[in-house]
Amino acid sequence: MDDWKLPWDGGCLCGGIRLRISAPPLLTMACHCTGCQKLSASAYSLTMAVPSSGFTVTQGEPVVGGMHGPHRQLYCPHCKNWMFTHPHGLDFFVNVRAAMLDQHHWYAPFIEVFTSEKLPWATTAASHSFATQPDLDGYAPLFEAFAREGARPVRGVRQNRQ
């Protein structure tokens, strides 16, 4: 577990919301769906599925934004950064936006989903690609593979601020 160099701290652009991750991610991913394209104003969104028990907001009060549907996208009320998502019906994890980490340069997507909606020129370094999403049972072997093969923080780099 020490190869993850936890905990990791992060926050929004203005610093009003701070968060801490104290458990290794289950998976890292790029989502090419048109919803993520619009929400991120980019070709895809980059997230990491973090066990809910290993995720804490340590400062500030995020607000619901985005599509206001069953998946709750949480934002900073001041700078409007999309910080994380609570996927509907999947309470065991939180999808944290990778760039919210103070030290995120080690991050690499392990899977990419909704490649059927991707922009033709958009490519990632993901090892596994899916036209939509695997069914829930299909994620178990991906979690296991990521635990063995997924990108880790670089040794010697301190991940949290003091």
Side-chain angles (χ1 to χ4, degrees), residues 1 3-4 6-12 17-77 80-102 104 106-118 122 124-153 159:
M1 174 107 66
D3 62 335
W4 289 103
L6 295 163
W8 304 328
D9 290 321
C12 63
I17 305 289
R18 297 292 298 161
L19 56 88
R20 175 164 279 185
I21 295 172
S22 58
L26 301 168
L27 197 61
T28 58
M29 67 195 92
C31 181
H32 293 277
C33 80
T34 55
C36 281
Q37 290 173 19
K38 289 181 181 215
L39 284 169
S40 65
S42 185
Y44 46 79
S45 68
L46 297 175
T47 61
M48 60 178 63
V50 174
S52 296
S53 62
F55 174 81
T56 309
V57 173
T58 59
Q59 175 184 304
E61 294 290 329
V63 297
V64 174
M67 296 183 282
H68 294 268
H71 300 302
R72 292 174 296 142
Q73 289 92 14
L74 283 291
Y75 290 74
C76 171
K80 311 300 187 215
N81 260 159
W82 175 22
M83 299 188 66
F84 55 94
T85 301
H86 289 289
H88 177 70
L90 300 171
D91 295 336
F92 68 94
F93 75 95
V94 176
N95 258 344
V96 179
R97 312 278 301 145
M100 295 302 113
L101 296 178
D102 293 340
H104 60 274
W106 61 269
Y107 176 91
F110 190 70
I111 71 168
E112 59 183 349
V113 295
F114 288 100
T115 58
S116 60
E117 299 178 24
K118 77 181 208 145
T124 74
S127 303
H128 307 274
S129 295
F130 300 92
T132 57
Q133 277 199 46
D135 62 22
L136 197 52
D137 291 336
Y139 274 98
L142 292 168
F143 292 162
E144 291 170 15
F146 178 77
R148 289 187 313 270
E149 306 160 20
R152 305 287 201 273
Q159 294 298 314

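Every value quoted in this text rests on a predicted model; they were computed, and no experiment measured them.
Taken from CH2 in W106 to NE2 in H104, the straight-line distance is 10.5 Å, to the nearest 0.5 Å. Atoms OG1 and CG, on T56 and L19 in that order, are 9.0 Å from each other to the nearest 0.5 Å. Between T124 atom OG1 and L46 atom CG the span is 8.5 Å, to the nearest 0.5 Å. Atom CG of residue L39 and atom OG1 of residue T34 lie 9.5 Å apart, to the nearest 0.5 angstrom. Here the CG-CZ distance, from L26 to F92, works out to 6.5 Å after rounding to the nearest 0.5 Å. Atoms CD and SG, on E61 and C76 in that order, are 11.5 Å from each other to the nearest 0.5 Å.
Contact check for F110 versus P25: no side-chain heavy atoms found under the 4.5 Å cut-off. By the 4.5 Å heavy-atom criterion applied to side chains, F93 and P87 are counted as neighbours.
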**OP:** Go through the steps to decide whether R18 and D102 satisfy the test side-chain contact (heavy atoms from CB on, under 4.5 Å), and finish with yes or no.
**Re:** CA-CA 10 Å; R18 297 292 298 161; D102 293 340; 2.7 Å; yes
Original post:
Step by step, would you call M48 with I21 a side-chain contact (heavy atoms from CB on, under 4.5 Å)?
Top reply: CA-CA 11 Å; M48 60 178 63; I21 295 172; 4.2 Å; yes
Subject >> Stepwise side-chain contact (heavy atoms from CB on, under 4.5 Å) check, L101 with Y107 >> reply: CA-CA 10 Å; L101 296 178; Y107 176 91; 6.0 Å; no
**OP:** For side-chain contact (heavy atoms from CB on, under 4.5 Å), just list the numbers for L142 and F130, CA-CA rounded to whole Å, side-chain angles, deciding distance to a tenth of an Å, and then say yes or no.
**Re:** CA-CA 12 Å; L142 292 168; F130 300 92; 3.8 Å; yes
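Minimum heavy-atom separation, A108 to T28: O-OG1, 2.7 Å. Of all the heavy atoms in P141 and D137, the pair that sits closest is CD-O, 3.5 Å. The nearest pair of heavy atoms linking R97 to S40 is NH2-CB, 3.7 Å. Nearest heavy atom pair, residue A43 against residue A122, reads CB-CB, 3.9 Å. Here the closest non-hydrogen pair linking V94 and S52 is CG2-OG, 3.8 Å. Among all heavy-atom pairs drawn from D3 and P153, the shortest one is O-CD, 3.9 Å.
The only option from V113, I111, T115 that meets the side-chain contact (heavy atoms from CB on, under 4.5 Å) definition with S129 turns out to be T115.
Of the possible donor and acceptor atoms, one in the side chain of Q37 sits under 3.5 Å from a partner among the backbone N and O of E117.
Ring geometry for H86 versus F84: interplanar angle over 60°, hence perpendicular rather than tilted (30 to 60°). Classified by interplanar angle (parallel below 30°, tilted 30° to 60°, perpendicular above 60°), the ring pair Y75/W82 is parallel.
Enclosure of atom CD in E149 by more than 12 non-hydrogen atoms of other residues, nucleotides or ligands within 6.0 angstrom is indicated.
A ring-centre distance under 6.0 Å is not found for H32 and F114.
When only modelled atom types and interatomic distance are considered, T85 and Q73 share no side-chain donor-acceptor pair under 3.5 Å.
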